[in-house]
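Scope of the values below: all heavy atoms of this structure, side chains included, with no hydrogens, waters or symmetry mates. Lettering of chains follows the sequences in order, A, B, ..., and the numbering in each one begins at 1.
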Amino acid sequence: MTAPLLSIKNLTVTFPTPKGPVEVVRGISFSLGRERLGIVGESGSGKSMTGRSILKLIRPPGRVTADEMVFDGIDLASLRERRMRALRGARISMVMQDPKFSLNPVMTVGEQIGEALKTHRPMPRRQLRARVLEMLEAVRINEPERVADLYPHEVSGGMGQRVMIAMMLIPEPDLLIADEPTSALDVSVQAQVLDIIDELVRRNGMGLILISHDLGLVARYCDRILVMNGGEIVEECAARDLDKARHPYTRGLLAAMPRMDEDRDELPVLDRSAWAAT
Amino acid sequence: MSAVRDWLLDDSPASRLQASLGRSWRSFSALMRNPLAVAGALIILALIVMAVFAPWIAPYSAIGQDLANRLAPPSALHWMGTDELGRDIFSRVVFGSRITLMIVTMVAVISAPIGLLVGAISGYFGGWTDRVLMGLTDIFLSMPKLILALAFVAALGPGIENAIIAIAITAWPVYARIARAETITFRDSEFIAAVQLQGASSARVILRHVLPLCASSTIIRVTLDMAGIILTAAGLGFLGLGAQPPLPEWGAMISSGRNFILDQWWVATMPGFAIIAVSLGFCFLGDGLRDVLDPKQRDGR
Amino acid sequence: MSAGVVAGQAARGVAGIARFALVVAATFLGLLAITFFIGRVVPIDPVLAVVGDRATAAVYEAARERMGLDRPLLVQFFSYVGDVLTGNLGQSISTGRAVVDDLGRFFPATLEMATVGILIGVALGVPMGVTAATRQGSWADQVIRVLGLLGYSVPAFWLGLVGLAVFYAGLGWVAGPGRIDIFYEGLVEPVTGVYLIDSLMAGEWEVFRNAASHLLLPASILGFFSLAYIARMTRSFMLDQLSQEYVTTARVKGVPERRVIWRHAFYPIRIQLITVIGLSYASLLEGSVMIETVFSWPGIGRYLTVALLNADMNAVLGATLVIGSVFILINKASDVLYRILDPRARR
Ligand SMILES: Nc1ncnc2c1ncn2[C@@H]1O[C@H](COP(=O)(O)OP(=O)(O)OP(=O)(O)O)[C@@H](O)[C@H]1O
Ligand SMILES: [Mg+2]
C-alpha cells in the first residue's frame, strides 16, 4: 500500500474555559487514502473540531496539537499559515453544514464560486465565468446562467448546498471534508445532494471525509467508518462490517436506527451506563 | 461565611428568597470578577462618599472667597489651586459632587419610570395604543437631545431644576423602547395569562408583573446613559443655563475658568477631570452590568 | 430580469419612498409641535416684549390680536407651520435681521466644521474598529476600547479648552479661536460660505492655509468624538461578522486574510456603517453647539447659544428647527440608504 493521503496521530484540540482547559478532541489517530471515510458520533463528540483542525481553522483560544499530521507528504502541523492557505481550497476543502449561514449573503453565488478558483488560479473573467457555469452544471443546477447571478437568500436550501459543493470542488482538491452536508436540508433533497458529492468524489478520485450523526447515511456512502464519542474514537470498521461492531456505544447507535422492515413500537434509547463508566 | 455562600449557591433553593438572593449573589460575584466594572463601582462609591461627607472631606468652604489668594496654582495648601475669587477648587469639586449626584439621580428617577410605563403600556396593549405611543417615542428619539434640552431650558429659564426637567424630557424615549421590546417578548407567555385568569386588572398586571421584568435591562441602560446625562448637565452649566453661580457645579466652574485657560489652566481643567472620572465610572459599570446581566447585548449601544 | 419583476420592484420602491416621506413628515411635524410648544410656554410674554410693560390694556389687547395670539391654539399651530414652510421664522432681537437670513449665513460654517470632523472620524475610526476586532484582546484593542469610552465621558467643551491651551497657546501649532484671522477677512468673495472651498476657488492659498489652521483643532475634536463612536461600532459589527460561518467558508477556500477581512467580513457591514456614520454626523452638528461656543466659531451652534443667553426665542427656535431638521433628515436618509444598498433588505 502506498503512503496514505492523510495520516493523523494523536490529534488533540483544547479549549480554555473558566473551569480550566477542556479537551474536545482527545488524542485521536487515523489515516485515509483516496477513499470515503465516515465519522459518526452524537452532537458535541468533536467531529467538527476534527474536521476543522485538518484545515488548521481552529481559531485561538482553541489549541491543536498532534504528533503527526501529514497530508500527501506535507507536514501540516509545522506548516506556516501562508503555505497552509495555498493548500486550503486548492487541495483540501470543506463543505459546510448550513448554506443559509455559510454562503456570503452579499455576494452573488457565481462570484463566490469563482473566488474559490481565482484565489488559486488567476484567470481571465470570461474563462472564469465559463468554469463557474460548467461547475454549476456539474452539481445539476439547471439554468446556471441565471443562478450564478442570484444572491444566496434567493436560492433554496438544497440549491444552496449544491452551490457550496460547486464552490468547494471547483479547484479540484484531493480531499473533501463534508461536515454534516445535509443535516440542514429537507429529507427529500438530502439523498440528491449526497449523490452529487459521491459522484464527483468518485469521478475525480478524491478522498472524502463525511461527517454525520446519521449512522445509516454514513454506512451507505462510505467505505470505512469511525465512531466518535466524547472526543475519542471508540470504533473503527469497514462500512459493510458495521453490524459486527463491538463497542457498546456503536451497538447502541445501531439499535436506535429505525429499519424499513421492522415493526417496533418504540425505538430503544441509548443506554449510556454501558460505557459511560470509562 | 462559607455556610452562607453554600446556602446562596445551593442548586435547589428551598425558598423563593433563597433563589433570588442566590441569583443576585451570582450576578454580583460575576460583576466583581470584571476589573473595569469594579473600577467603575469604586468610582461611583467614591462619588457618593464625597457627596455625603463633603463638609468633612473638603478642606475649605465651597463659596468662601479669599481675594488675596486669587488664581493660586496647585500647591500643598490648595491641591487644585484657587479660582478667580480665591476659592479652593478642590473643595468646590468635592461639594460639586453633590450637585452631580443630585442631577443624575433626579433625571433617572423622573425619566426611567415614564419610559418604563409608556413602553410597558405600549407593548402590553399593542394595536393603536402601541402605534400612537411608539410613533411619539420615535419622534422624540430622532430629535437631537442636547438641542432639545437647550431649547427647553431656554423656555423654562436657566436653573438647575429646569435643567433636570429638560434632560429628563429628552431621556425617557430610550427606556420606552427597551420596555416595549421586553414586554412584547413575554406578553403572550403563560404566566401572564395565568395572572390574567385570576382576574387581575391590566394596571395590576403591568405594575406588578410586567414592569419588574423590564427592570434589569432598564437599569443597564440607565447606567450607560448616566455619562451622557452628566455631560449634558455640565454642558448646560457651561453655557450658563444650568446651575447658577456661586453653586460649585462642575460645568459652570469650567465656564468661569475659561477666561484664564491660557495662563491659569488649572481653573478650567480640574473640574473637567472630575467630570471625566465620574462619567467613565458609569461607563465601566454599565459595560460590566451589561456583560453580566444581558450578555446578548454586548457591545451594541 | 423580466419586465414584471422590474415593475414590481419599482412599485415597491415607490411605496418605500412614500412611506419614508410620511415618516419624515410626521417626525418633522413633531419637531414643529415641540418648538411651537416651547415657544408658547416661555414665561416671557411675547406681547409685552413688543408693547413694553407700560402699555395700556387696550394697546396690549390690540397688539395681542395683531400677533394672532388670541386665536385657538390649533389655529396658531397651523399658521406657525405655514410660516415655517414659507421660510418665515420671525426676527431676531439680537441681530435685528430675519432669523432665516441669519441661519443661512451661519450654517455653512457649522457644515464645514462638522464635515471635516466626520471625515477625520471615518478615516481613523473605521480602520481602528477593524483592527480592534481582528486583534481582539491585543493592546491595540485595549487602547481603542479606552478611546471609545473616553468619547462617552469627556465633555466636548472641556476638550476644546484644553486643546486651545495646549495646541494654540502652548505649542502654537494651530490658529486660535475664530474662523479666520482679521487680516484675511473679506479677501475672498463668499460663494458657498465654506471658507476652504471659497478660498480654493479664488486661488487664495494664504487664506486657505489660515482658514485650515483655524479649522483643524475644532474639527479634530469633533472628529475625536465621532471616531470614538465609529470605532466602537465598527469593532462590534466586525466581531459579529468574524464569527459568521461564511467568513470561515472564505478561509476554507484559501482566501488571503486581508481579503477575508475586507471583502467578506467588512463588505457586508459597510451599509450598517453608513447608518452609524450618518448618526455620528448628525450628532456632530449637535455637538458643534459646544465646540463653536468654545472656539468663537460663527456657526449655528454659537448663534443658538448667544440667542439663548439673550432670551431671543425666535432665533433659538429657528436654530433648533434647522439643526433638528438636518438631524432628522440625515438620520432617516441613512435608514433608506441601508434599504437600497443591502441585497437582503431589497427582497
Ligand atoms: N470555542 C469553544 N470553547 C469551548 N468549547 C468549545 C468551543 N467550540 C466548541 N467547543 C466544544 O467542543 C465540543 C466538540 O464540538 P464539535 O463542534 O466538534 O462537535 P460535533 O461533534 O461537530 O457536534 P455537532 O453534531 O453538534 O456538530 C463541544 O462539546 C463544544 O461544546
Ligand atoms: Mg459539528
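- Looking at C:Trp158, its side chain does come within 3.5 Å of a backbone N or O of B:Thr269 through a donor-acceptor pair.
- Atoms CG and CG, from C:Leu161 and B:Leu262 in turn, are 9.0 Å apart once rounded to the nearest 0.5 Å.
- For chain B, no part of C:Leu29 is nearby; none of its heavy atoms comes within less than 4.5 Å.
- B:Phe238 places a side-chain heavy atom less than 4.5 Å from the side chain of C:Val294.
- A side-chain contact (heavy atoms from CB on, under 4.5 Å) with B:Ile147 is found for exactly one of C:Val316, C:Leu321, C:Thr320, C:Ile300, namely C:Thr320.
- Only the side chain of B:Leu36 comes within contact range of chain C, judged by heavy atoms closer than 4.5 Å.
- The distance from atom OG of C:Ser153 to atom CG of B:Leu231, rounded to the nearest 0.5 Å, is 7.0 Å.
- Looking at B:Phe140, the atoms closer than 4.5 Å to chain C (heavy atoms on both sides) all sit in the side chain, from C-beta outward.
- Note that the CD1 atom of B:Ile230 and the OH atom of C:Tyr152 stand 15.0 Å from one another [nearest 0.5 Å].
- In B:Arg98, the CZ atom is crowded: over 12 heavy atoms of neighbouring residues, nucleotides or ligands sit closer than 6.0 Å.
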Please step through side chain to side chain contact (heavy atoms under 4.5 Å, CB included) for the pair C:Thr27 and B:Asp138, ending with a clear verdict.
CA-CA 8 Å; C:Thr27 314; B:Asp138 278 347; over 6 Å; no

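- Taking 4.5 Å as the limit, some side-chain heavy atom of B:Leu239 sits within range of a side-chain heavy atom of C:Thr293.
- The two residues B:Lys145 and C:Glu286 come nearest to each other via the heavy atoms N-OE2, 2.8 Å.
- The distance from the CD1 atom of C:Ile38 to the CG atom of B:Leu148 is 5.5 Å, given to the nearest 0.5 Å.
- With chain B as partner, the option from C:Val326, C:Leu31, C:Val289, C:Ile323 having the largest number of non-hydrogen pairs under 4.5 angstrom is C:Leu31.
- Looking at heavy atoms from C-beta onward, B:Ser279 lies out of side-chain contact with C:Val154 at the 4.5 angstrom threshold.
- Distance CD1/C:Ile328 to CG/B:Leu141: 11.5 Å, rounded to 0.5 Å.
- B:Ile261 CD1 to C:Tyr168 OH: the interatomic distance, rounded to the nearest 0.5 Å, is 13.0 Å.
- Looking only at side-chain heavy atoms (C-beta outward), B:Arg258 and C:Leu164 stay at 4.5 Å or farther from each other.
- For chain C, the option among B:Ala227, B:Gly228, B:Gly251, B:Gly272 with the highest count of heavy-atom pairs below 4.5 Å is B:Gly272.
- Taking chain C as the reference chain and counting heavy-atom pairs below 4.5 Å, the highest number among B:Thr232, B:Val278, B:Ile139 is found for B:Ile139.
- The most heavy-atom pairs under 4.5 Å with chain C, out of B:Leu136, B:Ile275, B:Asp263, come from B:Ile275.
- Here the closest non-hydrogen pair linking B:Leu236 and C:Met290 is N-CE, 4.3 Å.
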